[in-house]
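Computed from a predicted model, the values in this text were never measured in an experiment. Heavy atoms only: backbone and side chains are in, while hydrogens, waters and symmetry mates are out.
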Amino acid sequence: MAASSSTSNAEVEISIVQADALTFPVDVLILKHAQALYGVDAQVVHCLDANRGGVFAPVPLPPVGAVNLVDSRGLLGAKDVLFIGVVPLGQFGYAEIREFARHSLKALAEKVPDAAHIAMTLHGVGFGLDETEAFRSQLAGLIEAWQSGECPPGLQRVSILEHNERRGERLRSQLDEILPNGLEALSGASKARSKAALQTDALRTAGAGSRGKAHVFVAMPFAKEFDDRFHYGIHKAIQAAGYLCERADMSSFTGDVLAWVRERIDSAALVVADLSGGNPNVYLEVGYAWGKGLPTVLVASEQKDLLFDVRGQRCLIYDNSIRLLEEHLTRELQRL
């Protein structure tokens, strides 16, 4: 049974739902096509292609700027899948996420005007963008489309699907924080209120002004065992200091991954590196940051994690404690 948290009014409900995108019952599932297949979109295309029995052509995927509506033929929980063609993943930033969300509802109004319940996943966080900024950008795009009348007239529910329980909890908290009074901002009685919602600090600059916001690049393994220390130890301290917090998942990209990493490090205010486990990619990113003369904060779970070439550098040891990691990093960012 899907678990959800929502902010709603009589007309529209936006929910964070813990569910499987392949089986979730909905009128339309909206997915991006970043000129290659990743994550949920790869799973959906595989499911549709694998069950065509050679009778149908492969799922047609749209180029940048185009859209394509595909009948799921009962193979998914969704009746239809709407693919939105976007730029390659390495170029898909906060502004593109906001535009994707707005474009999705506009295209939906043209392709499936009677859609009442739609679903999409959260974009950007799977390959390292700041979770809070990515979510706000996507939410701002949805509200912007609704406010300007660029969505199906009968739209009642927007479900943002998230399989990760911990991330779902964080997104629900953000939704309640951004729209504490529910979707009064989207009340049919006053669309001026939705315009006012877009003027709040949380949504006004999300996506539209994200490039102008300082960010910290975090070099650390992109692995499940590091999730809690990243989100509750590192991200929390960096966000409290007023920065966006980004890291790179080396497995999410095709093409020149290092070019994207270099660009995010080059433009970072500083770099935080968790040297726990001696991951070679982390040391590569640290070396590049040092070569560029960027301020770099080193942290490690234990002293023994440090390899010989950094043992003479200042490093914050947090003794396997996420609380201690947050405290150390908070003080260090204040000092810097």
Side-chain angles (χ1 to χ4, degrees), residues 1-6 12-89 92 97 100-127 138 141-142 145 151-165 167-168 171 251-254:
M1 184 175 180
S4 69
S5 177
S6 64
V12 179
E13 174 186 292
I14 294 181
S15 299
I16 308 301
V17 183
Q18 186 183 346
D20 185 345
L22 275 66
T23 59
F24 187 66
V26 68
D27 293 328
V28 182
L29 173 64
I30 299 175
L31 299 173
K32 72 177 185 302
H33 175 236
Q35 311 314 300
L37 295 173
Y38 308 92
V40 173
D41 46 292
Q43 295 174 35
V44 168
V45 170
H46 176 75
C47 179
L48 295 176
D49 279 345
N51 289 281
R52 290 188 166 223
V55 178
F56 299 92
V59 173
L61 298 170
V64 177
V67 302
N68 190 51
L69 184 70
V70 178
D71 183 348
S72 76
R73 305 183 338 275
L75 297 172
L76 302 170
K79 297 176 184 176
D80 295 303
V81 181
L82 182 65
F83 290 96
I84 309 292
V86 302
V87 295
L89 205 60
F92 193 65
I97 291 173
F100 162 80
R102 189 198 66 79
H103 187 196
S104 295
L105 293 191
K106 181 179 180 181
L108 193 65
E110 298 172 357
K111 297 286 188 179
V112 194
D114 60 344
H117 183 194
I118 67 172
M120 57 176 54
T121 58
L122 178 63
H123 295 282
V125 297
F127 59 92
Q138 192 161 329
L142 293 173
C151 67
L155 182 63
Q156 297 174 8
R157 294 179 61 193
V158 178
S159 296
I160 298 177
L161 308 182
E162 176 52 57
H163 71 278
N164 185 296
E165 183 179 359
R167 177 175 291 147
L171 296 181
S251 67
S252 288
F253 298 96
T254 56

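- Note that CD1 of Ile14 and CZ of Arg157 are 12.0 Å apart. Values are rounded to the nearest 0.5 Å.
- Formation of a donor-acceptor pair under 3.5 Å by the Asp27 side chain with backbone atoms of His117 is found in this model.
- Put simply, CG on Leu69 and CD1 on Ile30 are 10.0 Å apart, with the number rounded to the nearest 0.5 Å.
- Proximity of a side-chain donor or acceptor of Asp114 to a complementary backbone N or O of Gly154 within less than 3.5 Å is not detected.
- No donor-acceptor distance shorter than 3.5 angstrom exists from the side chain of Ser159 to the backbone of Ser15, with no hydrogens or angles considered.
- Annotation: side chain of Phe92 is in contact with side chain of Phe100 (closest heavy-atom distance under 4.5 Å).
- For the atom pair CG of Asp41 and CG of Leu61, the computed distance is 8.5 Å after rounding to the nearest 0.5 Å.
- Smallest separation of non-hydrogen atoms from Pro153 and Pro113: CD-O, 3.4 Å.
- Ala109 and Cys151 make their closest contact through CB-C, 3.6 Å (heavy atoms, listed as atom of the first residue, atom of the second, distance).
- Residues meeting the ring-ring contact (aromatic ring centres under 6.0 Å, His included) test with Phe83, sequence neighbours left out: none.
- Under the 3.5 Å distance criterion, the side-chain polar atoms of Gln138 are matched with a main-chain donor or acceptor of His123.
- Within the model, atoms CG of Leu31 and CG of Asn68 stand 12.0 Å from one another, a figure rounded to the nearest 0.5 Å.
- His163 contributes atom NE2, which lies 11.0 Å from atom CG of Leu122 (distance to the nearest 0.5 angstrom).
- Residues passing the side-chain contact (heavy atoms from CB on, under 4.5 Å) test with Ala66, sequence neighbours excluded: Pro62, Pro63.
- In this structure, Leu89 and Lys32 have side chains that are in contact, with non-hydrogen atoms separated by less than 4.5 Å.
- Going from atom CD1 of Ile84 over to atom NZ of Lys106 covers 11.5 Å, rounded to the nearest 0.5 Å.
- Using a 4.5 Å heavy-atom threshold, the side chains of Leu82 and Ile118 count as separate.
- For the pair Ala78 and Ser72, the tightest heavy-atom approach, listed with the atom from each and the gap, is O-OG, 2.6 Å.
- Proximity of Leu142 to Met120: side-chain heavy atoms (C-beta onward) are separated by under 4.5 Å at one or more points.
- Within the 4.5 Å cutoff, side-chain heavy atoms of Leu48 are placed close to those of Leu76.
- The minimum heavy-atom distance linking Leu161 with Ala21 is given by the pair CD1-CA, 3.6 Å.
- Under the ring-ring contact (aromatic ring centres under 6.0 Å, His included) criterion, His103 pairs with no residue, sequence neighbours left out.
- Closest non-hydrogen pair, Ile16 versus Gly168, comes out as CG2-O, 3.9 Å.
- Remark: the backbone N or O of Val86 is paired with a side-chain donor or acceptor of Gln35 at under 3.5 angstrom.
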